[in-house]
Amino acid sequence: MAYHMMSFRRHASLFIFLFGFVGLISFPVDATIKKYQFDIQMKNVSRLCHAKPIVTVNGRYPGPTIYAREGDRVQINVSNHVNYNISIHWHGLKQYRNGWADGPAYITQCPIQTGGSYTYDFNVTGQRGTLWWHAHILWLRATVYGAIVIMPKLGTPFPFPQPAREFEIVLGEWWHKDVEEIVKQGNQMGLPPNMSDAHTINGKPGPLFPCSEKHTFAMEVEKGKTYLLRIINAALNDELFLSIAGHNMTVVEVDAVYTKPFTTQSILLGPGQTTNVLVKANQLPSRYFLATRTFMDAPLPVDNKTATAIFQYKGVSNTIVPSFPQLPNANDTNFALNYSKKLKSLNSAKYPANVPLKVDRNLFYIIGLGMNSCPTCINGTRLVASLNNVTFVMPKTALLQAHHFDIKGVFRTDFPDKPLSKFNYTGAPLTANLGTSTGTRVSKIVFNSTVELVLQDTNLLTVESHPFHLHGYNFFVVGTGVGNFDPAKDPAKYNLVDPMERNTVGVPTGGWTAIRFRADNPGVWFMHCHLELHTGWGLKTAFVVEDGPGKDQSVLPPPKDLPKC
């Protein structure tokens, strides 16, 4: 840890020297302002024997890591030099009262147009750990993404053994062709776009792919030392297993929340999720593969190819062929369910799990796939997705701006709290009457009220697992199960003591997940499936959390450089 802390201090000192960061009067005396410049620019990148231009930040793929400490203020100026509109989301940062810095295009801001700039200005309050950032418009996050590392306040140790060093492991996907063209082609046909051609680890697929020997990420470790891996699933559409040959991992954090530590041979991350693990270099000095591949327990095609990195002991020759880990089977439902059950909040005196025990508002959302009419599409229909049979339509004015400035006609606040009709949600596949209603419909939530939301998968076309992300909040995962949620019996089985607190949760295939949160962050907050395919099909909505009565309980005024639509 000493090595990393020295490195972190040098990094921070360099930025202070370059930019002359000073604390502002309104900030605590120990607060630091971290400034970054993100230039959105095209860059020719070669992978799998093919070169293509991709959208990047500062010409880097993946993009730069944002380093901060709990309590810091961060200012990131984003300048757009490409022909796409752009916005950046700081995934997992709560942005208290400050939705203007959250980033989803047409939800909290209009996108940054070509030639424009916008400064995301936010505080890192009450959070520490691994999060990430990514483009939040079109499918640009295929290449526009990077890690966020938030260190604890100075003098505050980790609640687990201090590692000798840390590594960031960012999992992604790679397409041979232009991703936006692939998506456009799929939309024109009313069908899913072609799946990715490879998975990547820190932008590199590893030596199992052609022309990829030099495109392999390697970590050098020393026998007897312990390392912290900050692992992020930045893939667009795939839940991913990860294992290291010959080594166990101890899970200590997910989504920037400390967990009760547990040891496992493999971990599972849905798109948008992060996991920190400790790995002890306690095996025979050699070379070991770190490998990742898709989890899919529904009858759907996926990119099932395995990406690899190398966990290499110091002094070992590069000519040694790395050993391969035993990953779970691609459809190992039992592993997925048992792994999620092991995730529990640390719930210590310093890091309590403040689970809402009383619920003011009960919501029940069913997840469905459907087919709406499309005369120009191949089959005369277009695949869509819905919550409570509502396929969300993106507005042309950002929802937060419409809410804050009381602009009429942009959205309706009548999103249904429950489905209009009950049925056997996870029974035999339902392939008739699959049309959905469409609209920009959201739910209005009273400030500081407590909310329980049950997300229920259905067999409309097919069952499938869905990773759901709520912007502006963490929530507690109080229950999960397979089959139909039973409101008379299942709440009695909830974990209300130490449930996992996080910002992105998987709804199991043919099952349900119950979450709880306190609506204490005013603004407009996006909630959506983090499978980019489903988000584009309309599997999303938003919560309008009303202002509270106190002077610090309302949305902050918008910044002067807020982009216009």
Side-chain angles (χ1 to χ4, degrees), residues 1-4 7 45-49 61-62 65 130 147 161-174 197-235 238 240-252 263-269 274-295 303-330 335:
M1 181 62 192
Y3 170 89
H4 181 83
S7 174
V45 172
S46 177
R47 294 290 187 273
L48 312 184
C49 315
Y61 167 68
T65 297
T130 303
Q162 305 301 295
R165 189 179 173 187
E166 305 179 14
F167 295 99
E168 295 142 27
I169 307 292
V170 189
L171 313 177
E173 293 180 81
W174 177 265
D197 296 293
H199 292 112
T200 59
I201 299 173
N202 291 344
K204 300 173 180 180
L208 303 186
F209 288 87
C211 306
S212 296
E213 278 292 336
K214 67 177 181 178
H215 297 306
T216 302
F217 178 72
M219 297 160 275
E220 185 178 80
V221 300
E222 294 184 48
K223 186 173 174 63
K225 292 188 176 180
T226 299
Y227 297 85
L228 179 69
L229 306 189
R230 298 177 178 269
I231 304 165
I232 299 163
N233 184 355
D238 292 335
L240 294 168
F241 292 119
L242 183 141
S243 303
I244 306 174
H247 294 76
N248 288 328
M249 296 174 282
T250 300
V251 177
V252 293
T263 300
T264 180
Q265 289 186 330
S266 302
I267 63 172
L268 175 62
L269 302 93
T274 72
T275 302
N276 283 9
V277 300
L278 293 174
V279 181
K280 189 161 189 178
N282 57 5
Q283 299 300 303
L284 180 71
S286 186
R287 303 174 83 215
Y288 299 86
F289 272 135
L290 177 152
T292 183
R293 75 171 177 218
T294 302
F295 164 62
D303 177 359
N304 60 4
K305 295 178 282 295
T306 303
T308 52
I310 298 175
F311 193 79
Q312 179 164 336
Y313 282 70
K314 188 175 182 178
V316 170
S317 170
N318 288 344
T319 60
I320 294 176
V321 177
S323 55
F324 204 83
Q326 185 69 41
L327 286 158
N329 292 328
F335 176 91

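A 4.5 Å side-chain heavy-atom check between I267 and V277 finds at least one atom pair inside the cut-off. Looking at T275 and M249, their side chains never come closer than 4.5 Å, going by heavy atoms from C-beta outward. Taking 4.5 Å as the limit, some side-chain heavy atom of P210 sits within range of a side-chain heavy atom of C49. Side-chain atoms of Q283 and Y288, non-hydrogen and from C-beta on, do get closer than 4.5 Å to each other. The side-chain heavy atoms of E222 and K314, taken from C-beta on, include a pair separated by under 4.5 Å. Side chains of L171 and I232 form no contact here, defined as non-hydrogen atoms less than 4.5 Å apart. Contact check for C211 versus L48: no side-chain heavy atoms found under the 4.5 Å cut-off. Residues F289 and I310 are in side-chain contact: their nearest non-hydrogen atoms beyond the backbone lie under 4.5 Å apart.
Remark: the backbone N or O of E168 is paired with a side-chain donor or acceptor of N202 at under 3.5 angstrom. S286 places no side-chain N or O within donor-acceptor distance of the main-chain N or O of L284, the cut-off being under 3.5 Å.
The structure places CD of E213 at 9.0 Å from CG of L208, a figure rounded to the nearest 0.5 Å. Interatomic distance, OG1 of T306 versus CG of L242, reported as 11.0 Å (0.5 Å rounding). Between atom OG1 of residue T216 and atom CG of residue N318 there is a gap of 11.0 Å, rounded to the nearest 0.5 Å. Note that the CG atom of L240 and the CG atom of L269 stand 7.5 Å from one another [nearest 0.5 Å]. One distance of note links CG of L229 with CG of L290; it measures 7.0 Å at 0.5 Å rounding. For the atom pair CG (D197) and CZ (R47), the distance works out to 13.5 Å, reported to the nearest 0.5 Å.
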Apply side chain to side chain donor-acceptor pair (under 3.5 Å) to residues E173 and T200 and explain how you reach the verdict. CA-CA 6 Å; E173 293 180 81; T200 59; over 6 Å; no
Show your working on ring pair (Phe, Tyr, Trp, His ring centres under 6.0 Å) between F295 and F335 and close with a plain yes or no. CA-CA 10 Å; F295 164 62; F335 176 91; 8.4 Å; no
Determine whether I244 and V279 satisfy the following criterion, side chain to side chain contact (heavy atoms under 4.5 Å, CB included), listing intermediate values before the conclusion. CA-CA 9 Å; I244 306 174; V279 181; 3.9 Å; yes
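The 12-atom threshold is exceeded at NZ of K223, counting heavy atoms of other residues, nucleotides or ligands nearer than 6.0 Å.
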For residues 321-329, which side-chain donor-acceptor pairs fall under 3.5 Å, sequence neighbours excluded?
none

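What you find for F217 and I201 is that their closest heavy atoms are CB-O, 4.0 Å. Considering all non-hydrogen atoms of both residues, P285 and V316 come closest at C-CG2, 3.7 Å.
Taking the six-membered ring wherever Trp is involved, the centroid distance between the rings of Y61 and W174 falls below 6.0 Å.
Judged purely by distance below 3.5 Å, without hydrogens or angles, the side chains of N276 and E166 never pair a donor atom with an acceptor atom. For the residue pair T130 and T274, no side-chain donor N or O sits within less than 3.5 Å of a side-chain acceptor on the partner.
Take K305 and apply the salt bridge (Lys or Arg N to Asp or Glu O under 4.0 Å) test, not counting sequence neighbours, and it matches D303.
Under the 30°/60° scheme for interplanar angles, the aromatic rings of F167 and Y227 are found to be tilted.
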